[in-house]
There are 4 protein chains.
Amino acid sequence: MTRPQSPRRKRANGMESRQRIIDAAVEIAGERGYEGTSIAAVSAKCGLPASSIYWHFKDKDDLIAAVIERSFDSWLAALELPGEETGTSLERLTVMAANVAKSLVDAPDFLRLGLMLALERRPTKPRGRTVFLQVRGIARRKIAEMLQTLFPELDEPEIHTLTTYAIAGADGLFVQREITGDAVNLMAMFELHAQSVHEAARRMAAGA
Amino acid sequence: MTRPQSPRRKRANGMESRQRIIDAAVEIAGERGYEGTSIAAVSAKCGLPASSIYWHFKDKDDLIAAVIERSFDSWLAALELPGEETGTSLERLTVMAANVAKSLVDAPDFLRLGLMLALERRPTKPRGRTVFLQVRGIARRKIAEMLQTLFPELDEPEIHTLTTYAIAGADGLFVQREITGDAVNLMAMFELHAQSVHEAARRMAAGA
Amino acid sequence: MTRPQSPRRKRANGMESRQRIIDAAVEIAGERGYEGTSIAAVSAKCGLPASSIYWHFKDKDDLIAAVIERSFDSWLAALELPGEETGTSLERLTVMAANVAKSLVDAPDFLRLGLMLALERRPTKPRGRTVFLQVRGIARRKIAEMLQTLFPELDEPEIHTLTTYAIAGADGLFVQREITGDAVNLMAMFELHAQSVHEAARRMAAGA
Amino acid sequence: MTRPQSPRRKRANGMESRQRIIDAAVEIAGERGYEGTSIAAVSAKCGLPASSIYWHFKDKDDLIAAVIERSFDSWLAALELPGEETGTSLERLTVMAANVAKSLVDAPDFLRLGLMLALERRPTKPRGRTVFLQVRGIARRKIAEMLQTLFPELDEPEIHTLTTYAIAGADGLFVQREITGDAVNLMAMFELHAQSVHEAARRMAAGA
DNA sequence: TATGAATGAGACTTCATTCAT
DNA sequence: AATGAATGAAGTCTCATTCAT
């Protein structure tokens with residue numbers, strides 16, 4: 001009672017606890033989605049009592065938002081962007097696609113959980129959903145820039161369409177892999193998609 | 001509302017009640033996913049007490065599985081397949097893509113709820129997930145057949161890859177539209193995708 | 001609809017249905033006691049819908065009472081009483097004890113369910129409990145008569161005590177066997193008990 | 001009632017709450033058995049909301065097991081064992097029987113609830129049943145030791161039989177009293193039983 | 001003679017959250 | 001910085017029973 005500090009480690013290290021909670025929540029939310037992620041389950045997995053989770057996070061929404069942010073960071077870390085820009089536009093597109101494919105295999109939580117949140121239609125959208133859409137927006141702009149660099153002759157609406165199509169392909173291939181397991185050769189499929197995007201850009205540049 | 005007579009104890013009418021329950025559940029599950037679909041909410045929406053739902057369905061899992069089946073049927077009904085096969089392979093692909101796009105706009109519940117279920121990684125998979133994967137498998141086989149007809153020179157692995165890519169694009173474009181709302185011009189995007197698939201088939205036929 | 005009678009047997013045989021219901025209920029009530037015996041479980045075991053059970057029995061209480069009666073009958077049938085009364089009083093007591101022991105092994109439902117009902121202290125006693133106590137009372141009187149015949153020199157209070165003790169031993173040995181399984185050699189224990197009762201009778205006759 | 005202050009949100013006091021819950025559960029379970037003991041009823045009796053009961057106990061099974069343990073303790077406390085061992089073996093047996101009889105009158109919950117649980121045959125046995133059988137096993141070993149001390153000439157199987165018989169008589173007499181109310185003179189009956197056990201021991205020691 | 005369908009009450013349990021310490 | 005305890009609302013599901021056919 002009067003012991004100033006508990007001898008069994010756990011020396012009240014705020015940040016470490018916060019990390020442990022998010023770690024646990026990432027795992028569970030990646031498995032079960034928003035509703036399926038209960039505070040009790042997170043508490044059980046990280047070892048801290050539920051009330052401690054509320055010391056670190058305002059509410060469940062807040063926690064899930066943090067989970068999205070964290071898993072986005074993990075994904076960004078896994079996504080090693082090409083330093084130098086060399087080769088033909090097709091080659092550069094292909095390299096980029098390969099990077100994205102690899103990152104999605106290595107850190108799938110961000111996209112899986114994000115898509116789950118995004119597909120829901122409930123009236124009061126969780127904040128995590130907003131965060132997902134925001135960071136997704138950032139990624140989208142990066143891709144658009146890149147495509148603009150590769151295909152300077154395209155105008156803005158064309159770049160918009162091309163970007164949308166590029167992302168849709170990536171999402172769809174990711175979903176495919178999540179559904180069917182490891183069976184899908186993601187690398188080959190992303191390479192195929194890079195070619196499609198490249199052809200589409202050429203058609204746009206030629207025609208219209 | 002307009003029901004002329006409503007005796008306190010409604011006349012027993014099994015099949016109609018079953019339909020009303022599924023109707024309500026489709027609506028809610030399409031919005032909120034598996035966990036978000038509470039029996040109480042379904043009960044409130046269909047007017048039958050919760051215990052009556054359990055007369056018609058073994059448990060929540062059973063209900064959700066019925067929901068998947070039902071929304072798959074709706075989707076199939078919305079998907080009007082071309083009767084006559086005329087035109088070039090690209091034209092026929094494009095017509096087909098347009099049909100799929102339209103069906104996804106008209107009856108999006110099947111794919112939205114199915115994807116939500118499919119993305120979850122929980123250890124005990126709900127039966128609805130299995131049903132979704134089954135009917136999806138059927139659809140996949142149909143598409144593979146059709147591609148084989150259009151491109152008879154491709155061998156089986158190539159058809160497999162092409163089918164996977166075609167479906168992934170459809171999934172991805174659907175997701176895009178669900179996320180960003182009506183902003184996406186689904187028709188145009190699906191036409192673009194049809195061209196990509198066509199080009200991919202030609203590349204396959206030509207090269208290694 | 002207009003078929004006058006369902007072709008698949010089940011020709012609406014009232015008594016047979018009643019028996020099937022009681023059969024099922026005996027099994028379940030013997031396992032789970034009063035509260036644990038649900039109409040749904042009985043329905044599932046006997047194959048008739050729950051509403052049919054209510055055609056044959058007023059309510060659950062009524063059914064359980066019938067169960068008690070039926071299992072009492074089974075027990076009586078298993079209890080083959082000695083036709084001729086020969087031998088010493090100890091021999092005759094021993095034979096009788098052996099009979100009771102055998103009947104309890106062969107038809108334990110009556111006593112097991114009855115004791116469960118009897119041990120409960122709930123304010124509103126189920127009718128089955130009353131039935132149990134009634135038939136038990138009958139059995140008690142039979143035993144008292146028999147002991148009076150064997151030990152004519154004992155007065156009524158002594159016979160009362162002896163009867164109580166004899167029955168208590170039987171109950172206790174039965175409980176023992178139900179708890180520990182087949183391990184208890186019921187025959188030997190009942191023989192031991194017969195000797196105890198015999199000794200007690202002699203002590204009573206001799207002393208006080 | 002006499003509690004001087006009762007702040008709306010009661011001061012957290014874990015152990016006291018736990019005791020209050022068990023107190024309430026002992027009372028109800030002693031009356032109604034396992035199935036008849038509803039969490040809602042316990043909640044109403046102890047004043048804590050149902051969800052608080054689940055803070056202290058994993059589930060209903062866990063609570064009932066605690067109830068068994070607690071009522072066993074009460075029974076042990078009521079059972080004042082004789083300090084000095086004096087007198088003949090019959091006298092000592094008789095004293096012991098009187099003690100047991102008194103304890104069963106003063107704290108009947110343990111045996112009543114335990115027997116109810118033990119008589120059930122359901123496939124998945126509640127944990128409380130196991131606990132009951134365990135503590136009963138302990139009591140059995142104590143009695144066996146004591147009988148061995150009183151009758152050193154008996155071998156182990158004989159002691160086993162004698163112990164079983166002694167306990168069966170106690171169980172049976174308890175049941176008798178529970179069923180017929182206070183009418184049974186438990187003291188006299190237990191004395192009679194002590195004599196029976198004593199005679200049985202002598203017979204065993206004397207002959208085969 | 002029987003039953004498909006319905007129903008309100010209540011079962012056990014988990015939920016997100018709060019608060020005093 | 002953290003947590004044991006508490007809590008009302010809501011979760012899924014089963015209960016005994018009824019009634020029109």
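Order of the sequence lines sets the chain letters (A, B, ...), proteins ahead of strands, with each chain counted from 1.
Partners of Glu69(A) according to the side chain to side chain contact (heavy atoms under 4.5 Å, CB included) rule, which considers only residues two or more places apart in sequence or in another chain, are Val131(A). The side chain to side chain contact (heavy atoms under 4.5 Å, CB included) test applied to Met15(C) returns Asn13(C), Arg18(C), not counting sequence neighbours. Residues passing the side chain to side chain contact (heavy atoms under 4.5 Å, CB included) test with Gln134(B), sequence neighbours excluded: Thr130(B). For Phe110(D), the ring-ring contact (aromatic ring centres under 6.0 Å, His included) partners two or more places apart in sequence, or in a different chain, are Phe72(D), Trp75(D), Phe132(D). Take Asp23(B) and apply the salt bridge (Lys or Arg N to Asp or Glu O under 4.0 Å) test, not counting sequence neighbours, and it matches Arg70(B). Scored by the side chain to side chain contact (heavy atoms under 4.5 Å, CB included) test, Arg112(A) finds Pro108(A), Asp109(A), Met116(A), Phe174(A), Glu178(A), Leu119(B), Arg121(B) as partners (sequence neighbours excluded).
Between Cys46(B) and Arg20(B), the shortest heavy-atom contact is O-NH2, 2.7 Å.
Expressed to the nearest 0.5 Å, how far CD1 of Ile22(C) lies from CD1 of Ile53(C) amounts to 11.0 Å.
Whole-Å rounding puts the Ile53(B) CD1 to dA6(E) C1' distance at 12 Å. Summarising the geometry, the separation between CE on Met15(D) and P on dA6(F) is reported as 11 Å, rounded to the nearest angstrom. Straight-line distance from the CZ atom of Arg18(B) to the P atom of dG4(E): 15 Å, rounded to whole Å. Here dC15(F) presents its C1' atom at 15 Å from CG of Leu63(C), a figure rounded to the nearest Å. Between Phe57(B) atom CZ and dT14(F) atom C1' there is a gap of 18 Å when expressed in whole angstrom units. Summarising the geometry, the separation between CD on Gln19(A) and P on dA1(F) is reported as 14 Å, rounded to the nearest angstrom.
Paired runs in DNA chain F that reach 3 or more consecutive Watson-Crick or G-U pairs, where each pair keeps both distances under 3.5 Å, cover E:2-21 with F:2-21.
Screening residues 124-135 of chain B for salt bridge (charged side-chain N to carboxylate O under 4.0 Å, His left out), with sequence neighbours left out, gives Asp62(B)-Arg127(B). Listed by first and then second residue, the side chain to side chain donor-acceptor pair (under 3.5 Å) pairs involving residues 44-59 of chain C are Glu27(C)-Lys45(C) (not counting sequence neighbours).
Phosphate proximity of dA1(F) to Ser17(A): absent, as no side-chain N or O sits under 4.0 Å from OP1 or OP2. Phosphate proximity of dT1(E) to His56(C): absent, as no side-chain N or O sits under 4.0 Å from OP1 or OP2. Considering only side-chain N and O atoms, Trp55(D) lies under 4.0 angstrom from the phosphate OP1 or OP2 of dA5(F).
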Per-pair distances, 0.1 Å, donor-acceptor, side chain in residues 33-43 of chain C, under 3.5 Å, sequence neighbours excluded:
residue  : atom : partner   : partner atom : Å
Tyr34(C) : OH   : Asp61(C)  : OD1          : 2.3
Glu35(C) : OE2  : Arg122(C) : NH1          : 2.2
Glu35(C) : OE2  : Arg122(C) : NH2          : 3.1
Thr37(C) : OG1  : Gly33(C)  : O            : 2.6
Ser38(C) : OG   : Ala41(C)  : N            : 3.0
Ser43(C) : OG   : Leu48(C)  : O            : 2.8

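Taking a 4.0 Å limit (strictly below) on heavy-atom distances, residues 120-131 of chain B does not reach DNA chain F anywhere.
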For each nucleotide in nucleotides 9-14 of chain E, reading 5' to 3', give B when a protein heavy atom comes within less than 4.0 Å of its base, S when such contact involves only the sugar-phosphate, and - otherwise.
--SSBB
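Positionally, the nearest nucleotide of DNA chain E for Pro49(C) lies more toward the 5' end than for the other of Pro49(C) and Ser52(B).
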